[in-house]
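Input: a single structure, listed below in structure tokens.
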Amino acid sequence: MVVAIDGPAASGKGTLARRLADLLHFAHLDTGSLYRAVGLAVIRAGGDPGDAAAATAAARALHPETTPRVLADPALRGDEIAAAASKVAVVPEVRAALLAFQRGFASNPPGGARGAVLDGRDIGTIVCPDADAKLFVTASVEARAERRLKELRDRGVAVIYAAVLEDMKERDARDSQRAVAPLKPAADAFLLDTSSMDADQALDAAMTFICSKTGLSDHCA
Ligand SMILES: Nc1ncnc2c1ncn2[C@@H]1O[C@H](COP(=O)(O)OP(=O)(O)O)[C@@H](O)[C@H]1O
Ligand SMILES: Nc1ccn([C@@H]2O[C@H](COP(=O)(O)OP(=O)(O)O)[C@@H](O)[C@H]2O)c(=O)n1
């Protein structure tokens, strides 16, 4: 069984995906980390994430056996890497190079898990169009900027709200307006606005939808 979760930055999709995977004993793939890994590799090689050829070479150099180790690198979590990720993500060859890994994870989840939860921008539309349940998680851009600000400050990064908000708006625009696999809800996705929900309420709402959509019997009331 595959659960697809998409949405903009800091909407809470990663938190929700992790918690759903724990609850259902499914494997979880944060697909944004793949794009972050490509952006980080380009920067570490001294390149420009806006250079399509460099980004494509970095994406093609990611191999399934080494990818889990690459995705665990804490350096991926910085805001500079998030911006680099959204630049490499506009390149069609980069997206094509990352597709097989994502689809393989969904169809054959690691560790013998009976299902997979993938979160990103194009899971319900492109990566897993036949997913059993699709959710599109949103929140106002102000709520998302507040969340990202808190997250960065908790990690000891000195940032101001206005700069985080500006970065978020820029990334929303780049992700929604790109020609290939733009951020948008799949036609059959459940829209979950978490602006005034905490993470527990978001999980409850998501589980109610997944249970009604898939008929999963365990974990459903
Ligand atoms: N429903 C929620 N309400 C408030 N904060 C949340 C909620 N869901 C997640 N968060 C917090 O917001 C931040 C961004 O969440 P995250 O799941 O990383 O978002 P995304 O994966 O969409 O970028 C994290 O610090 C997380 O703990
Ligand atoms: N399936 C995906 C996942 C991420 N991405 C890109 O990768 C960037 C970083 O994604 P992320 O999910 O790690 O970002 P956050 O939502 O955590 O801020 C996004 O801004 C997108 O440009 C994508 O294009 N497709």
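Indexing begins at 1, ligand by ligand and atom by atom, following the structure's order.
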Distance-only N or O hit between ligand 1 and [X], under 3.5 Å:
X    : answer
S11  : yes
T194 : no
A202 : no

>> Looking at ligand 2, is there an atom of it that comes within less than 4.0 Å of some heavy atom belonging to K87?
In response: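 Checking ligand 2 against K87, which is what was asked, there is no heavy-atom contact under 4.0 Å.
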> Is A10 in contact with ligand 2, taking contact as a heavy-atom separation below 4.0 Å?
Replying inline: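 Under 4.0 Å: yes for A10.
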Classify the contact between [X] and ligand 1 as side chain, backbone, both or neither, using a heavy-atom distance cut-off of under 4.0 Å.
X    : answer
R148 : side chain
P8   : backbone
T15  : both

>> With side chain to side chain donor-acceptor pair (under 3.5 Å) as the criterion, how do S86 and R171 come out once you've worked through the C-alpha distance, each side chain's angles and the decisive distance to 0.1 Å?
In response: CA-CA 7 Å; S86 86; R171 201 140 64 90; 5.2 Å; no
Considering heavy atoms of the protein only, find what lies nearest to [atom] and give residue, atom and distance to 0.1 Å.
atom                    : value
atom 22 (O) of ligand 1 : K13 NZ, 2.8 Å
atom 21 (O) of ligand 1 : G14 N, 2.9 Å
atom 22 (O) of ligand 2 : D175 OD1, 2.6 Å
atom 13 (C) of ligand 1 : E151 OE1, 3.3 Å
atom 8 (N) of ligand 1  : G12 CA, 3.7 Å

> atom 7 (C) of ligand 1: which of R77, R147, R19 has the nearest heavy atom?
Replying inline: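 Among R77, R147, R19, the closest heavy atom to atom 7 (C) of ligand 1 comes from R147.
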> Is E151 salt-bridged to R148, cutoff N-O under 4.0 Å?
Replying inline: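 Salt bridge flag = yes for R148 with E151.
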>> Using heavy atoms and a 4.0 Å limit, tell me yes or no: is G7 in contact with ligand 1?
In response: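 Checking ligand 1 against G7, which is what was asked, there is no heavy-atom contact under 4.0 Å.
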Under 4.0 Å, heavy atoms only, figure out whether ligand 2 is touched by the backbone of [X], its side chain, both or neither.
X    : value
R174 : neither
A89  : side chain
R178 : side chain
S11  : neither
R121 : both

Any atoms of ligand 1 less than 4.0 Å from a non-hydrogen atom of [X]? List them with their elements.
X    : result
A199 : 1 (N), 2 (C)
M197 : 1 (N), 2 (C), 3 (N)
A10  : 14 (C), 19 (O), 20 (P), 22 (O), 23 (O)

> Heavy atoms, side chains only, cut-off 4.5 Å: are D175 and E170 in contact?
Replying inline: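 Side-chain contact under 4.5 Å: no.
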>> Exactly one of D122, D188, D119 should register a salt bridge (Lys or Arg N to Asp or Glu O under 4.0 Å) with K134. Which one does?
In response: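 Exactly one pass, corresponding to D188.
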